[in-house]
Amino acid sequence: MCSPEHFAVEYAINPWMDVTAPVDPELAVKQWDRLRETLVGLGHEVHLLVPEAGLPDMVFAANGAFVVDGTVYGARFKHHQRAAEAAAHRAFYESQGWRFIAPNETNEGEGDFAYLPEAHGGLILAGHGFRTELPAHAEAQEALGRPVVSLRLVDPRFYHLDVALASIDDGNIVYYPGAFSAASQKVLAQLFPDAVLADDDDALAFGLNLVSDGANVVLNSEATRLAGRLKTAGYTPVPVELAELKKGGGSVKCCIAELRH
Ligand code: ARG
């Protein structure tokens, strides 16, 4: 995770960002701190990246890389405003001794890649259409040695895979079908017949931008309906308020890069 000390909306690279809307950086830090404490409280170890001035989106740590089985596939940002973030993530992984593979193709890390270790023997789901480019999916498959299923995102409000789909345990997902092309919806229905489906309200409240440890599902507090559905499905929803960061177009999952040994 990376503190939103320098968080601001200085440019607009997704439909949620409005450079004229005021942001309260102190409140952003407070809300982000609650998220960090929630994860620690659930027993997770949290490493911190040092935030850098001039990189206002650095709080969205999920975009910096994608890690599977101890191997790190690095990010290469689409927009120049975020390009320098990739080096900070790379330095973190290299200093910790992770195997790091530098990308040639444009991709925004866990923003567009999800890993399901127990689905069909270990499956990577990958989004394209707005940020990550299709050739990066093949590059990730070669880097990580797991099959990659390409899914096309079609609604600009859901510009990253992780605002439309999340793993809720090692083998199952929750997603908002409307964010995907008709063909990609068919692929998801075939691969995940037991998936939990979210509706428009859940998706627009950033409900899908969640992190689950298989039992506890940490999600945006505004996604009350989705929290109910997850409860019915046997999970424990853990709501967290992240209204300030939503102004940047992100929520829980965007703030967290998962380290998979
Ligand atoms: N403002 C950031 C951007 O547009 C938000 C990134 C959100 N991160 C995510 N993993 N969806 O790039």
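Indexing begins at 1, ligand by ligand and atom by atom, following the structure's order. Quick caveat, the model's predicted, so the values are computed rather than measured.
- Each of D57, N63, I13 was scored for a side-chain contact (heavy atoms from CB on, under 4.5 Å) with F77, with one residue passing: N63.
- Annotation for ligand 1: atoms under 4.0 Å from non-hydrogen atoms of I13 are 3 (C), 4 (O), 12 (O).
- D57 OD2, 3.4 Å is the protein heavy atom nearest to atom 2 (C) of ligand 1.
- Summarising the geometry, atom CG belonging to L116 is positioned 11.5 Å from atom CZ belonging to R146; distances are rounded to the nearest 0.5 Å.
- The atoms of ligand 1 that sit less than 4.0 Å from any heavy atom of M17 are 1 (N).
- Here the options are D69, I101, T71, the test is side-chain contact (heavy atoms from CB on, under 4.5 Å), and the partner is L144; only T71 passes.
- In terms of protein heavy atoms, atom 1 (N) of ligand 1 is closest to G248 O, 2.7 Å.
- Distances between N or O atoms of N14 and those of ligand 1 include at least one value under 3.5 Å.
- To the nearest 0.5 Å, the span separating CG on L230 from OG1 on T236 amounts to 10.0 Å.
- The single protein non-hydrogen atom nearest to atom 10 (N) of ligand 1 is D162 OD2, 2.7 Å, given as residue, atom name and distance.
- Within the 4.0 Å heavy-atom shell around ligand 1 one does not find W16.
- Salt bridge absent: K30 and D24 never bring a charged side-chain N and a carboxylate O closer than 4.0 Å.
- Counting atoms of ligand 1 from 1 in the listed order, those under 4.0 Å from a heavy atom of G249 are 7 (C).
- In this pair, F158 and Y176 present their aromatic rings tilted. The plane angle is within the 30 to 60° band.
- In this structure, CG in D201 is found 4.5 Å from CZ in R225, a value given to the nearest 0.5 Å.
- For the pair K247 and W16, the minimum side-chain heavy-atom distance is 4.5 Å or more.
- Among all protein heavy atoms, the one lying closest to atom 9 (C) of ligand 1 is C254 SG, 2.7 Å.
- Ligand 1 places these atoms under 4.0 Å from at least one heavy atom of N63: 6 (C), 7 (C), 8 (N), 9 (C), 10 (N).
- The side chain of R131, and not its backbone, has at least one atom closer than 4.0 Å to an atom of ligand 1 (non-hydrogen atoms only; side chain from C-beta on).
- Residue-level proximity to ligand 1 for R82 is carried by the side chain, the only part with a heavy atom below 4.0 angstrom.
- Below 4.0 Å from some heavy atom of G111 lie the following atoms of ligand 1, by number and element: 10 (N).
- From R76, atom CZ reaches atom OG1 of T132 across 12.5 Å, with rounding to the nearest 0.5 Å.
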